[in-house]
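Everything on this sheet refers to the single structure shown next.
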Amino acid sequence: MILVNRAVSTASLDNVAWFSRIRTMNRKIHSTVSSSSSKPNSVRIQRPRSEVDSNPGPANGASETLVYTRRKKLKQEKDSQLRGLPDIEDFAFKKNTSRSSSKRSTETNITVASTKTAGRPTETNITVTSAKTAGNSPENWVQVLEGIRQMRSSGDAPVDSMGCDKAGSFLPPTERRFVVLLGSLLSSQTKDQVNNAAIHRLHQNGLLTPEAIDKADESTIKELIYPVGFYTRKATYMKKIAKICLERYNGDIPSSLDDLLALPGIGPKMAHLILHIAWNDVQGICVDTHVHRICNRLGWVSRPGTKQKTSTPEETRVALQQWLPKEEWVAINPLLVGFGQTVCTPLRPRCEACSVAKLCPAAFKEASSPSSKLKKSKRSKEL
């Protein structure tokens, strides 16, 4: 009986030793996997030799290292690595949209940078940069512009025969530039017919040079330019401009945009127009009330970052220059001004006579004036 019990106990001890070896090997494998990661995922406990000898285990004659692996956390970290962005230094995505008509494109750059620091998880910085070389041109603008050119080919608008570019065409270059300056100043809030008649009266009285304007009485100038809009204020401006031209420019006019804008009564619209006509210098589009109104009706311009209409001619100029090719900057003013004088008028525009009405978002929406709408509403109430 004693021999049998000893044999059984010896066999059980062998089994325990065998399972202990397998457990130790598994722990060493987990220890190797966890040590390869940047963040410690295990806890090592060093046991003294005496403690190892007192417990059944591998007979290796050395101390044993017990490794307790955080299996759940290791799995979470692996899942997060799979869900994260790829470990790359630079990633660029470019999207180019080109238009054959305006020859401009919009480019979007996306840069993804991955950085690592010891003992910290991976950090990813994403920088998105949107670069616009110019604004997107409106749809069908080439067809619309060509249609307006065809409608304007007859040249029957007042601007064609009495515009500022016709003022003083019979004079020498220096004198003509001064007349162009005067004509541009008087044209604000004034019809071309009225402006042309005022320039003609000044010419008849010999008041088309800076010397003559400087010597003339302001009251005389008022009488000659009446009924030009704001004629009293403009007469004062004419006297001041004449003195500046004599003192600073030797009787000529300024040749730069900034110097023109420094003159009393000269705004961006007039300054660009003067540069076009007098100096053949194109630095911007001349936008008056006609160009401002028609561009908004056609949906060619909008306020920055919105789809709302521009509120001033200067906003229209900036928006229009974002996409309109520069070779059209000079022609667009007389083209749209004449179109606004004959077809696309401020009140009751002639949409039925417009060949591009099908491409105009505002077509037939402003066909009646406020007074006619009021009459229609009264008739409907009476019925």
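Note that this is a predicted model, so its numbers are computed, not measured.
- At distances below 3.5 Å, at least one donor-acceptor pair connects side-chain atoms of T342 with backbone N or O atoms of G338.
- Side-chain contact check for M151 versus I148: some heavy-atom pair is nearer than 4.5 Å.
- Considering all non-hydrogen atoms of both residues, P264 and I244 come closest at CD-CD1, 3.9 Å.
- Looking only at side-chain heavy atoms (C-beta outward), E146 and V142 stay at 4.5 Å or farther from each other.
- The OG atom of S154 lies 7.5 Å from the CG atom of D160; values are rounded to the nearest 0.5 Å.
- Heavy atoms only, all atoms of each residue included: V228 and K234 are closest at CG1-NZ, 3.5 Å.
- Taking 4.5 Å as the limit, every side-chain heavy atom of H272 sits out of range of all side-chain heavy atoms of V282.
- With hydrogens and angles disregarded, no donor-acceptor distance shorter than 3.5 Å links the side chain of N196 to the backbone of G163.
- No donor-acceptor pair closer than 3.5 Å links the side chain of R317 to the backbone N or O of P268.
- Between N140 and V356 there is no side-chain heavy-atom pair separated by less than 4.5 Å.
- Proximity of a side-chain donor or acceptor of W141 to a complementary backbone N or O of L324 within less than 3.5 Å is not detected.
- In this structure, the side chain of N205 does not engage the main chain of L202 through any donor-acceptor pair within 3.5 Å.
- For the atom pair OG (S311) and CZ (R303), the distance works out to 4.5 Å, reported to the nearest 0.5 Å.
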> Are D165 and L273 close enough, and set up right, to give a side-chain contact (heavy atoms from CB on, under 4.5 Å), and what steps lead you there?
Replying inline: CA-CA 9 Å; D165 58 325; L273 182 62; over 6 Å; no

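- Side-chain atoms of L359 and Q143, non-hydrogen and from C-beta on, do get closer than 4.5 Å to each other.
- Atom CD of E328 and atom NZ of K326 lie 13.5 Å apart (nearest 0.5 Å).
- Here the side chain of Q283 pairs no donor or acceptor atom with the backbone of L275 at under 3.5 angstrom.
- Taking 4.5 Å as the limit, every side-chain heavy atom of P349 sits out of range of all side-chain heavy atoms of F364.
- V194 and I225 fall within the same hydrophobic cluster, defined by Ile, Leu, Val, Met, Phe, Trp and Tyr side-chain heavy atoms under 4.5 Å apart, directly or through other members.
- In this structure, F230 places its CZ atom where only 12 or fewer heavy-atom neighbours from other residues, nucleotides or ligands lie under 6.0 Å away.
- Contact detail for S355 and G147: the closest heavy-atom pair is OG-O, 3.8 Å.
- Atom OG of residue S187 and atom CG of residue N195 lie 5.5 Å apart, to the nearest 0.5 angstrom.
- Residues I253 and A278 share a closest heavy-atom pair of CD1-CB, 4.0 Å.
- M270 and V337 sit in two unconnected hydrophobic clusters of ILVMFWY residues. Membership requires side-chain heavy atoms under 4.5 Å apart, directly or through other members.
- Here the closest heavy-atom approach between residue L260 and residue A271 is recorded as CD1-O, 3.8 Å.
- Residue pairs meeting the salt bridge (Lys or Arg N to Asp or Glu O under 4.0 Å) criterion with at least one partner in residues 274-297, sequence neighbours excluded, are R297-E366.
- Between L336 and H290 there is no side-chain heavy-atom pair separated by less than 4.5 Å.
- Note on I294: it clusters hydrophobically with V330, by side-chain heavy-atom contacts below 4.5 Å among ILVMFWY residues.
- Residue L246 is tested with D214, D252, I213, T209 for a side-chain contact (heavy atoms from CB on, under 4.5 Å); the sole match is D214.
- Using modelled atom types and a 3.5 Å distance limit, the side chains of N136 and Q322 yield no donor-acceptor pair.
- Under the 4.5 Å side-chain contact rule for hydrophobic residues, V180 and M162 do not share a cluster.
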>> Apply side-chain contact (heavy atoms from CB on, under 4.5 Å) to residues S161 and K166 and explain how you reach the verdict.
In response: CA-CA 7 Å; S161 57; K166 306 297 188 296; 6.0 Å; no

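- Under the 4.5 Å side-chain heavy-atom criterion for ILVMFWY residues, no single connected hydrophobic cluster contains both W329 and I277.
- When all heavy atoms of T316 and V291 are compared, the closest pair comes out as CG2-O, 4.4 Å.
- Remark: the backbone N or O of S188 is paired with a side-chain donor or acceptor of T190 at under 3.5 angstrom.
- Counting heavy atoms of neighbouring residues, nucleotides and ligands inside a 6.0 Å radius, atom CZ of R248 does not exceed 12 of them.
- For residues 258-267, the set of pairs meeting the side chain to side chain donor-acceptor pair (under 3.5 Å) definition, not counting sequence neighbours, comprises S256-D259.
- Looking at K222, its side chain never comes within 3.5 Å of a backbone N or O of E218 through a donor-acceptor pair.
- The closest side-chain heavy-atom distance from L182 to F178 is below 4.5 Å.
- No donor-acceptor pair under 3.5 Å is formed between the side chain of T306 and the backbone N or O of S302.
- With a 6.0 Å radius and a threshold of 12 heavy atoms from other residues, nucleotides or ligands, K191 has its NZ atom at or below the threshold.
- Remark: C295 SG to I285 CD1 distance equals 7.5 Å, nearest 0.5 Å.
- Taking NZ of K269 as the start and SG of C286 as the end, the distance is 5.5 Å to the nearest 0.5 Å.
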>> As a quick check of understanding, evaluate side-chain contact (heavy atoms from CB on, under 4.5 Å) for L186 and M238, giving each step before the final call.
In response: CA-CA 9 Å; L186 297 177; M238 288 173 63; 4.1 Å; yes

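- A donor-acceptor distance shorter than 3.5 angstrom exists from the side chain of R201 to the backbone of L224, with no hydrogens or angles considered.
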> Do H292 and T310 pass the side-chain contact (heavy atoms from CB on, under 4.5 Å) test, and can you show the C-alpha distance, the side-chain angles, and the key distance before you say yes or no?
Replying inline: CA-CA 8 Å; H292 171 62; T310 54; 3.5 Å; yes

